[in-house]
Each structure stands twice: as structure tokens, then as C-alpha cells.
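Data first, discussion second: the structure below is written as C-alpha cells.
In listed order, ligands and their atoms are each counted from 1.
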Amino acid sequence: MEGLSLSSRVTRFLLLFVFLVCSHNWHRVHASEPVLELMKGFEAKPDSSVELFQPLLTDPSGNFTFGFLRVNRSRLSLAVTHPNLTDPLWVFDPTRSASWSHKTKLIFNGSLVISDPSSRVEWSTHTNGDRLVLRNDSNLQVVKSSSVEWESFDFPRNTLVENQNFTSAMALVSPNGLYSMRLGRDFIGLYSKVSEDSQQFYWKHSALQAKAKVKDGSGPILARINPNGYLGMYQIGNTPIDVEAFNSFQRPVNGLLILRLESDGNLRGYLWDGSQWALNYEAIRETCDLPNPCGPYSLCTPGSGCSCLDNGTAVNGECTHVSTSEPADFCGGDEKVKFKVVRRGGVEVPFKELMDHKTMSSLGECEGMCVEDCKCFGSVYNNGSGFCYLINYPIQTMLGVADASKVGYFKIHESVGKKKSRVGLTVGISVLAVLALVLTVAMLFVAFRIWSREKRVLEEDGGLSPGPYKNLGSDSFRSVEMSRR
Ligand SMILES: *[C@@H]1O[C@H](CO)[C@@H](O)[C@H](O)[C@H]1NC(C)=O
Ligand SMILES: *[C@@H]1O[C@H](CO)[C@@H](O)[C@H](O)[C@H]1NC(C)=O
Ligand SMILES: *[C@@H]1O[C@H](CO)[C@@H](O)[C@H](O)[C@H]1NC(C)=O
Ligand SMILES: *[C@@H]1O[C@H](CO)[C@@H](O)[C@H](O)[C@H]1NC(C)=O
Ligand SMILES: *[C@@H]1O[C@H](CO)[C@@H](O)[C@H](O)[C@H]1NC(C)=O
Ligand SMILES: *[C@@H]1O[C@H](CO)[C@@H](O)[C@H](O)[C@H]1NC(C)=O
Ligand SMILES: *[C@@H]1O[C@H](CO)[C@@H](O)[C@H](O)[C@H]1NC(C)=O
Ligand SMILES: *[C@@H]1O[C@H](CO)[C@@H](O)[C@H](O)[C@H]1NC(C)=O
């Protein structure tokens, strides 16, 4: 007995030693020789031991890396990353991901092709280049002799890098998919996805046209971050029709500027100052001016923060739980969709200058328009101006104001409250069931321990004690973990 356990210990240590030596060498190879270009014939598969990012290609300055990024634990995205940004600068297709498994394969055969039959992902650059390179500004390019066949700068995700051209055919989309930035005829606009098929404009920056005017027939405008610290809008040549200044505007700085549309809907600029990404620009400065800072059916009041429209206390930080299975509006075919009504003063629509309104003579007339229209979720009436705003999508964060004569009327699906209590009941029952199971297992365990102790006493402790085996197991585990760091 004793001898067997010793030899199995030795075998374990030998195996661990071999594993450590191998993994150490593997890491060293990757660290000392960054790959600067991928040639035809290149193939790669995700490594199951990689926890976050598997580098495949690095730019000449060593700042940016292209490779496999693990998302949601088991999914894989092709991404360009910077070590000090948690979010990638570019991903191959924001709406899709492959699986992190040996079935997924990346090749370069003139095209960069990723395929994963299990997730039905087949993405390609459809090019016939010689090599794939990563530029020192994070631009990933398929190059043929000296001409660029394809570049990631033409397909931005949520980030725009200094000197990258943003055209009216492109969009920046926030990582959560809710917000987008696009160009209009003479403006930059931010849009929020408020329902499956509609967008709400929430921020607009129109070109001042001080140095150059927008000319019809001269083509669409484009936007580009200028190293001198601004986001410029251009139509012809390099004379901007507008300059949206960053904090570093006209101050000579040494570093790279980027602009990102983030998951709260804000557009922020960052400057790499050699050690960190410093905030350098923010399109929306007031929290309450963001598209949905407090969630559905809430109120954001400058200076006092978030509250709920119906004064009810928030559950899990939400005023109303809006489930995705909810009807899209209050129409519901033949049967009437039930709803309750919340009415309150001191409410305004956010970004009202970007919302349509009708002029009505009274509050009753304005509310009446919404009551009759099953696509309407709420209305806000301004008694002073007579403006009536109708909201045709699920209510998000409204703006709280001091003027009590601005009155909001909101419909809330009746099913919402019922669903929540049913969920609560289900959770309660499951908790009880789990408790009962745990108790049973504990009782069985105690019974087993008593039985086995009695047995062991009878055998006068002659058998194999489970102690040392278990300890060895956890020790070797710890040493593997430590050596990984
Ligand atoms: C990760 O999971 C979230 C939530 O389940 C989902 O919305 C998102 O699309 C997933 N991302 C990818 C790349 O699969
Ligand atoms: C940037 O990332 C590198 C690599 O992860 C790290 O060593 C360094 O400390 C980071 N710098 C800052 C300022 O966070
Ligand atoms: C590269 O491989 C893909 C997928 O196997 C194939 O469809 C494509 O024709 C190949 N391209 C070239 C240039 O060989
Ligand atoms: C980036 O590369 C270009 C040439 O491609 C070079 O002119 C420039 O100085 C490089 N910038 C940095 C920061 O290394
Ligand atoms: C952006 O567009 C300008 C003019 O339209 C062009 O001169 C410049 O090379 C483009 N920049 C990049 C990085 O493609
Ligand atoms: C890129 O690397 C150089 C040195 O190699 C460093 O000075 C510079 O700050 C880095 N830039 C970024 C954006 O990381
Ligand atoms: C909520 O409370 C405010 C102030 O306490 C009050 O003015 C308002 O009428 C209340 N609204 C509702 C829907 O109860
Ligand atoms: C709305 O305005 C009318 C006259 O302009 C006034 O009589 C009425 O009291 C106002 N209502 C409220 C709620 O302020």
C-alpha cells in the first residue's frame, strides 16, 4: 500500500514537471518573437488553455495585437486589441462569434477566412493578397505587393482611430448594440435603438461651416480625428466644415487619439499619453442627457439623480421589469392589451429639440391623442408652449424638471407586475426545493460518516486513509496555478 502511493506521487510530480517545462517554453517563444506578418498558407486554431486572448500578429511598435479573443467564456471573436484597453479596438463582425473549439479555423490564403461549421460562421475578406499586416495605428490590412486590398479601418466597430476616415456609409455601434453614430448631410448624429425597427435621435452636432460650406452635389461628408486634437468634418479636401474640439485642441501632444461610442451611449475621446488612456473628450457631459441613464420608466433629475416615474420603489435597481416577451405595443390584434396609467408633473422628454411635437390647446387633448393610439406609450404636455410630445416606443428615462405644469402620461403593461410576482413565487419554490435537497444530502452524509467511523474503529484503522491523497491533489493544483502567473 505505502509503496504504491509513493510511486504514484513520483509519477504525478514528473508529469507536472514536464507540463511546466513545456508550457514555459511555449510562452517564451511567443514573447520573444512577435509575428509581424502572416503569409499565404497560414493556419491557426484556438488553444483551449488560453483564457482571454491568443495573439497571432503584432504591429511594428508592439502596441497592438491581432488574434483570437475569448468572449462569453466559450465564444471566439477575431479582434485587434491594445493591452490597456479592456474593450477591443476592432472585431470582425460585431453581431457574430465563432466557438472556442478545435472546429474553428482561421486561414490566410489571400483572404483572411474564419470558419466554424458548428456555429455556421464563415467570414472572409474576399481578397487575393500576399500577406496580412497590422499597422502601428491598429489598422489590419491585406496587402498585395504595395497596394491595400482590404483594411479593418473600412469596417469600424465602436472605435475610430486618429486619421481613420469615417464615411457616411459607416456606423459606429456601441458594444451592447443599442447605440450608433452616423453621419447626416451636414451633421454627426447619435441614435438609440428604441425598438426592433426604430431609432431615436439623441445627440446631434451640426457643422458650423465657418471655414468651408457644405455643397450639394459635392458628395457626402466624412469625419476624421485630427492629431491636433479635434474631430473634423470634411467634404472636399482637407479644409474642415467643422471642428469639434477635444481637450487637447491645439496643444501639441505626443500620443494617439481615439474616439469610442460606449455602452452608456456617450461618445468619448481618449489620448494615449505613454502610460494610460486619458479621457480627452465627452460628447454628453450631463448624466441626465444620456439616452437611458436610469432604465425603463424612470426619471433622471439633474442634481438629484434617478427615481421611478410611479414613485414605486425600484426592484433590483429597475423601476419596471420589461421582459423581451412583452407585446411590442398596446394593439394586440382583436383583444385589448391591458395597461395601467401613471401621470405625473415635472416631467419633460429628453432631447426634446430632436423629437417631433404637435401643438395642442390642452393637456386633455394631448393625452387623448395617446389614449386612442395603441402604438403610443406615453405623452408629455407643456402647458406653457402648448407642445405635445407623443412617445411611440417603450418608455425609457424621462427628464425631471422643476416646472410642475409639464405633465407626463404613461402606459404600463398590466402583465408586467403579474409576471414579476410569478417569477418571485417560482424563485421561492426553487429555493425551498434546493434547501430540502441540501438537508437530505447532509443527513445522509452524517449517517455515512458515523457508519464509516464505526467501521474503521472495528478494522483498527488498518485501511487506506483518504487524507494524504486529497492533500496532494490540492497542493499540486496550487503549484500549477502559481506557475501560470
Ligand atoms: C455574450 O452574451 C451576451 C448576453 O448573453 C449576448 O448578448 C452577446 O451577444 C454575447 N456575445 C457574443 C459575442 O456572443
Ligand atoms: C498596460 O498594459 C501592460 C500590459 O498588460 C501593463 O504591464 C502595464 O502596467 C499597463 N499600464 C498601465 C498604465 O495600466
Ligand atoms: C481561400 O479559402 C476559402 C475557404 O476555403 C475559399 O473559399 C477561397 O476560394 C480561397 N481563396 C483563395 C484565393 O484561394
Ligand atoms: C507608424 O508608421 C509610420 C510609417 O508607416 C511612421 O511614419 C510613423 O512614425 C509610425 N508611428 C509610430 C508612433 O511609430
Ligand atoms: C482619408 O481620406 C483622405 C481624403 O479623402 C485621404 O487623403 C487619406 O489618405 C485617407 N486616410 C486613410 C487612412 O485612408
Ligand atoms: C507605442 O509604443 C511606443 C514605444 O514602442 C510608445 O512610446 C507609445 O506610447 C505606444 N503607443 C501606444 C498607443 O501604446
Ligand atoms: C410622486 O411623488 C411626487 C412628489 O412626492 C408627487 O408630486 C407626484 O404626484 C407623485 N406621483 C405619483 C404618480 O404618485
Ligand atoms: C395651463 O395654462 C392655463 C392658461 O394658459 C392655466 O389656466 C392653467 O392653470 C394651466 N395649467 C396648469 C396645470 O398649470
Open item on the list: Are His126 and Trp150 an aromatic pair, judged by ring center distance below 6.0 Å?
Closed with: no
TODO: Compute both the distance and the angle, then confirm whether Arg268 meets the cation-pi test with Tyr281: under 6.0 Å from the six-membered ring centre, within 45 degrees of the axis.
DONE: no
- [ ] Classify the angle between the aromatic ring planes of Phe201 and Phe187 as parallel (below 30°), tilted (30 to 60°) or perpendicular (above 60°).
- [x] tilted
Open item on the list: Would you say the rings of Phe330 and Phe377 are close, in the sense that their centroids are separated by under 6.0 Å?
Closed with: yes
Open item on the list: Tell me which residues fall inside the under-4.0 Å heavy-atom shell around ligand 5.
Closed with: Asn163, Asn165, Arg224
Task: Arg224 charged N/C atom sitting above Tyr234 aromatic ring, 6.0 Å / 45° - done: yes
- [ ] Go through ligand 3 atom by atom and flag the ones less than 4.0 Å from a non-hydrogen atom of Ile107.
- [x] 2 (O)
Task: Ring-ring centroid check Tyr202 Tyr179, cutoff 6.0 Å - done: yes
Task: Atom CD of Glu37 with >12 non-hydrogen neighbours under 6.0 angstrom - done: yes
Open item on the list: Is it the case that ligand 3 has an N or O less than 3.5 angstrom from some N or O of Glu122?
Closed with: no
TODO: Please verify whether a non-hydrogen atom of Ser61 lies at under 4.0 Å from ligand 6.
DONE: yes
Open item on the list: Let's go through Phe153 and Leu140 carefully: what are the C-alpha distance in whole Å and the side-chain angles of both, what is the deciding distance for side-chain contact (heavy atoms from CB on, under 4.5 Å) to 0.1 Å, and is it a yes or a no?
Closed with: CA-CA 7 Å; Phe153 269 18; Leu140 184 68; over 6 Å; no
Task: Atoms in ligand 6 with a heavy atom of His82 nearer than 4.0 Å - done: 12 (C), 13 (C), 14 (O)
Open item on the list: If I apply the N/O under 3.5 Å rule, does Trp272 come out as touching ligand 6?
Closed with: yes
